Protein chains: 2
Amino acid sequence: MELSERKLKILQAIIDDFIFSAEPVGSRTLSKKYQLGISPATIRNEMADLEEMGYLTHPHTSAGRVPSDRAYRLYVDHLMSRYNLPGEQQASIRAKLTDHFNELNKTIEKAAGILSEITHLTSFALTPKSETNKLKYINLLPVDKRSIVLMIVTETGKVTNTVLKLKQPYEEEKLQLLSKLMTYNYKGKELTDILTVDIIKNVEGEIEALSRLMENIMPEFLRTLENMLNTELYMEGLTNIFSFPEYNDIDKAKMFLGMLNKKEHIARVLDERADGIMITIGAENPDDEMKDCSLITATYRVNGKLIGKLGVIGPTRMEYDKVTSVMEFMTDNLSKAFKIPEDTDSSKEG
Amino acid sequence: MELSERKLKILQAIIDDFIFSAEPVGSRTLSKKYQLGISPATIRNEMADLEEMGYLTHPHTSAGRVPSDRAYRLYVDHLMSRYNLPGEQQASIRAKLTDHFNELNKTIEKAAGILSEITHLTSFALTPKSETNKLKYINLLPVDKRSIVLMIVTETGKVTNTVLKLKQPYEEEKLQLLSKLMTYNYKGKELTDILTVDIIKNVEGEIEALSRLMENIMPEFLRTLENMLNTELYMEGLTNIFSFPEYNDIDKAKMFLGMLNKKEHIARVLDERADGIMITIGAENPDDEMKDCSLITATYRVNGKLIGKLGVIGPTRMEYDKVTSVMEFMTDNLSKAFKIPEDTDSSKEG
DNA sequence: GTTAGCACTCTTTAAAGGTGAGTGCTAACC
DNA sequence: GGTTAGCACTCACCTTTAAAGAGTGCTAAC
C-alpha cells in the first residue's frame with residue numbers, strides 16, 4: 001500500500017499530537033483539532049490502514065492510536081521540519097559555551113547541562129577522544145624532598161600532571177636531565193605506542209645514574225598516559241524523566257535510571273556512534289534496555305582531530321525537531337570554539 | 001515519666017524490627033519474635049507510654065508503632081551497638097582505597113562508590129578543602145607559538161595547570177623570567193590573599209617589558225586560583241533509594257532525587273558539617289527537604305591540614321550502627337592513606 | 001502489675017457496576 | 001468509489017461496596 005498525501009498528513013498530525021500530549025490520539029480529536037477536512041470515520045479508515053502498514057499501534061481496542069517506532073523513523077527522515085532556535089537562546093548558549101573556553105572539560109560539562117535544560121531530557125557529553133595524539137614533552141618538576149610533579153604535554157595541547165611520591169630523595173639536576181631524556185625519547189611518539197613499546201630499556205641503559213629515579217617514575221608515567229587516553233562522561237538532567245508521564249511507573253523510572261547508572265556502558269555506546277547527528281529510535285537501539293527510548297547523538301571536534309560526543313536520551317516520544325536542531329547548533333559552536341585560531345594550536349585539560 | 005529498663009528493651013526491639021522490615025510493628029509480633037517475657041497486652045501498655053513520651057508514632061489507629069526521630073536519636077546515642085566489619089570486607093576496602101592512592105580525587109570518588117555499595121544508600125564525598133594553602137611556585141611553560149601552560153603548585157602539594165592562548169607570540173626567556181617573578185611575589189602567600197590583594201601592580205611596574213605578557217596571563221591565573229579553592233563533590237548510588245519501600249511513591253522518589261540534584265546545595269550542607277561522625281535525623285536537619293531523611297557525615301584529613309567529607313543520606317530508617325561503623329573505618333583509612341609519610345609531604349590533584 | 005478477651009478502627013484487597021472514550025462495521029449518501 | 005453518519009461493542013478507569021485482617025484500647029479477672 002502506498003502512503004498517500006492524506007495518510008501522511010494524518011500520520012503527521014497523530015505524531016505531533018502524541019509528542020505533545022503523550023495520550024493515544026483518537027479520530028474525533030484529530031478531525032476537530034487539525035484542519036484535515038475529513039470526518040472522524042474517514043480518519044478511522046485511514047488509521048486502520050496506517051496501523052496495518054505498521055505506523056500505528058493500539059494500546060487496546062478502545063484507545064486512540066499511538067505512533068510506532070517506524071512512524072517516528074518516517075517522521076525524522078521525511079516529515080519533520082527544522083526548528084529554529086530563538087535568537088536570544090542562540091546568543092545565551094554561545095555565551096555560556098565560550099565562558100570557559102579554555103577549560104575544555106568544563107565547557108563540555110556545561111554543554112551537557114545546557115542541553116538537558118533546553119530539551120528537558122537526560123543528556124550526555126563525552127570529552128574528546130584522541131584519534132591521534134603525539135607526545136610533545138615531559139617535564140619533571142620539584143615539589144619537595146620526595147615529591148615531584150610529572151607533567152605531560154601532547155601535540156594537541158592536552159596537559160596532564162600527577163604528583164609522585166618517590167621512595168628516596170632526588171637531586172634537582174637529575175630531574176631536569178631526566179625530563180630532557182624522556183622528552184628526547186618519546187617526543188613525536190603516539191601515546192599508545194609509548195604504552196606498548198619497550199623504549200624504557202634504552203633510556204635506562206643510557207645513563208646508569210638515572211635508572212633509580214626512572215624506576216620510581218615509570219609506573220606512574222605509564223598510568224598517567226593511560227588516563228590521558230581516557231575520555232570523561234558527563235551526564236545531566238537525570239531526574240528530568242520524572243516529568244514524562246511514560247515514567248510515572250516507578251518500575252520504569254527505576255529501569256531507566258538503572259540503565260543510565262552504568263556509566264562505562266553508556267560511554268561505550270556513545271563512543272561507538274557514527275559521526276554527525278545520529279538518531280536511533282526504540283527497537284532500533286541494539287541495546288535491549290533502550291528499546292523504549294530514543295537516543296540522539298552528535299559529534300563535535302577539537303582542533304579538527306579529537307572527536308567528542310554530545311547525546312540525549314528519552315522516551316521515543318520526543319521533540320525530534322527541536323532536539324536535533326539544538327544539538328546541531330551546539331556541536332557547531334563547540335567545534336568552532338575549539339578550533340585552532342589562526343596559526344596556533346591549543347586546548348585545555350583540567 | 002522515666003524510661004524503664006523494660007521500655008528501653010521494647011523500644012530497641014521496635015527500632016530493630018522497623019529498620020529491618022519498614023513495617024509498623026505490632027505488639028503481637030513483638031512478643032512473639034523477641035524474648036521479652038511479657039504478653040502483647042503489657043507491651044501495648046508500654047507502647048502507649050512510649051508514644052506519649054514521643055518515642056513512637058501511629059500511622060493510624062489500627063496500625064503498629066513506628067519509631068519517631070526522637071527514638072532514633074536515643075538509639076544512636078545510647079542503644080545501638082558497634083557493628084564490626086567482616087575482615088575480608090575491611091581488607092577489600094583498604095585495597096580499593098590504596099589502589100589509586102596518589103590520585104586523590106580518584107580515591108575520594110572511589111570511596112563514595114564503596115560507601116554506597118556497602119550501605120545501599122546514596123553517598124557523597126567532598127574533596128578536601130584547604131583551610132590554609134600557600135602558594136609554592138608558579139611555572140609558565142611553552143606549548144606552541146601562542147599557547148603556554150600555567151602551572152601552580154601549593155605547599156600542600158596540590159597542582160593545577162591550565163593552557164592559555166595568548167593574543168600575541170611570546171619569547172621563551174620572558175616566560176621563564178615571569179615564572180620566577182610571579183613565584184618570587186606570591187610564594188608563601190595564601191591563595192585567597194592573592195585573589196584579593198593587588199600585588200599585580202608591583203610586578204607590572206617592575207619590568208616594563210613583561211607587562212603585556214602579564215596582562216595576558218593574569219585573568220586566567222586568578223581564575224585558576226579560584227578553581228583550586230573549589231572542592232569537588234562526588235555522589236554515588238543515587239538510584240539505591242528505589243530499593244526502599246519508603247520511596248515506592250513516585251513523588252517521594254522525585255522529591256528525593258530532585259533535592260540531591262542541587263549539587264551546590266549539597267556541597268554547602270556537607271561543608272558546614274562538624275568534624276568527626278555527625279548524625280542528623282529527620283526533623284533535626286535544618287533543611288526542610290531533608291526532614292524525612294537522615295544524614296550521616298564523617299571527615300577525613302589529608303596531610304592533617306585539608307579536610308574532606310564523606311556522607312550518606314537515606315530514610316530515617318537506616319542501619320545506623322552499620323553505616324557509622326563503615327564510615328568511621330573508611331575515613332580512618334583515608335586519613336591514613338593521605339598522611340605524610342616520614343618527612344615528605346605530597347598529594348595529587350588530577 | 002499482668003494478662004485474656006473483646007469490641008472497635010482503619011487499611012487493604014477484591015469484586016461489581018457504571019461511565020466514557022474510541023473503535024469497527026454497516027448502510028446510506030454524494 | 002470514496003465519504004460519512006449511526007450504532008453496537010470493547011475496554012480502561014473510577015467509584016462503590018463488601019470482606020478480611022491487623023492491631024489497638026479498654027475492661028475485668030488473675
Side-chain angles (χ1 to χ4, degrees), chain A residues 1-11 13-15 17-18 20-68 245-246 248-250 252, chain B residues 1-11 13-15 17-18 20-53 55-68 245-246 248-250:
Chain A
M1 202 184 305
E2 263 304 288
L3 266 174
S4 67
E5 192 70 24
R6 193 169 71 181
K7 280 197 174 59
L8 280 177
K9 252 191 194 155
I10 292 173
L11 188 56
I14 293 173
I15 294 174
D17 203 79
F18 186 72
F20 178 76
S21 72
E23 298 289 339
V25 189
S27 56
R28 224 180 115 74
T29 327
L30 222 45
S31 89
K32 255 198 294 184
K33 241 165 97 178
Y34 302 83
Q35 276 70 38
L36 297 169
I38 43 177
S39 76
T42 313
I43 294 175
R44 278 204 289 281
N45 286 330
E46 295 286 46
M47 291 202 299
D49 287 350
L50 284 167
E51 181 160 0
E52 209 179 312
M53 293 159 87
Y55 291 108
L56 296 177
T57 49
H58 233 176
H60 56 86
T61 345
S62 68
R65 293 321 205 283
V66 169
S68 67
E246 27 272 272
N248 260 350
D249 180 5
I250 192 100
K252 291 232 178 83
Chain B
M1 203 184 305
E2 263 304 290
L3 266 174
S4 67
E5 193 70 23
R6 193 168 72 180
K7 279 196 175 61
L8 279 177
K9 253 191 192 155
I10 291 173
L11 188 56
I14 293 174
I15 294 174
D17 202 78
F18 186 73
F20 179 75
S21 71
E23 299 287 340
V25 190
S27 56
R28 224 181 114 75
T29 327
L30 223 46
S31 87
K32 253 198 293 181
K33 245 167 87 180
Y34 302 82
Q35 276 69 38
L36 297 168
I38 44 179
S39 76
T42 314
I43 293 176
R44 280 204 289 282
N45 286 331
E46 296 287 46
M47 290 203 296
D49 287 349
L50 284 166
E51 181 161 0
E52 210 180 313
M53 294 160 85
Y55 291 108
L56 296 176
T57 51
H58 231 180
H60 60 258
T61 346
S62 68
R65 292 323 205 281
V66 169
S68 66
E246 28 269 273
N248 260 350
D249 180 5
I250 191 99

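Each chain gets a letter, A, B and so on, in the order the sequences are listed, and its residues count up from 1. Just so it is clear, the values below take in all heavy atoms, side chains as well, and ignore hydrogens, waters and symmetry mates. In this text the structure is predicted, and so the values were computed from the model without any measurement.
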Reported CG-to-CD distance for the pair A/Leu8 and A/Glu46, which is rounded to 0.5 angstrom
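It comes to 10.5 Å.
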Report, one pair per line, the protein and nucleotides 27-30 of chain C atoms (nitrogen or oxygen only) whose separation is under 3.5 Å.
none

Going by heavy atoms in the side chains, are [X] and [Y] under 4.5 Å from each other?
{"X": "A/Leu36", "Y": "A/Thr42", "result": "no"}
{"X": "A/Leu50", "Y": "A/Leu3", "result": "yes"}
{"X": "B/Ile15", "Y": "B/Leu11", "result": "yes"}
{"X": "A/Ile14", "Y": "A/Tyr55", "result": "no"}

Expressed in angstrom and rounded to an integer, what is the separation of A/Ile10 atom CD1 from D/dG2 atom C1'?
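Spelled out: CD1 on A/Ile10 to C1' on D/dG2 is 13 Å.
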Spacing of A/Ile43 atom CD1 relative to C/dG22 atom C1', expressed in whole Å
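After rounding, the gap between these two atoms is 13 Å.
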My validator wants the stems of DNA chain D: runs of 3 or more consecutive Watson-Crick or G-U pairs, both distances under 3.5 Å, written as range with range.
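Expected stems, ordered by start: C:1-30 with D:1-30.
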Are A/Arg65 and A/Glu51 close enough for a salt bridge, meaning some N to O gap below 4.0 Å?
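Between A/Glu51 and A/Arg65 there is a salt bridge, with a charged N closer than 4.0 Å to a carboxylate O.
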Minimal non-hydrogen separation, A/Lys252 against A/Glu246, with atom names
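Taking A/Lys252 first and A/Glu246 second, the nearest heavy atoms are CD-O, 3.8 Å.
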Between B/Asn248 and A/Ile250, what is the shortest heavy-atom contact and its length?
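Nearest heavy atoms, B/Asn248 then A/Ile250: O-CD1, 3.3 Å.
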Between the side chain of A/Ser68 and the main-chain N/O of A/Gly54, is any donor-acceptor distance below 3.5 Å?
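A pair under 3.5 Å: yes.
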Check: B/Thr29 side chain, B/Val25 main-chain N or O, donor-acceptor pair, under 3.5 Å:
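The answer is no, because no donor-acceptor pair under 3.5 Å joins these two groups.
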Where along nucleotides 9-26 of chain D does protein come under 4.0 Å, by heavy atom, of base (B) or sugar-phosphate alone (S), with - for untouched nucleotides?
-BBS---------BSBB-
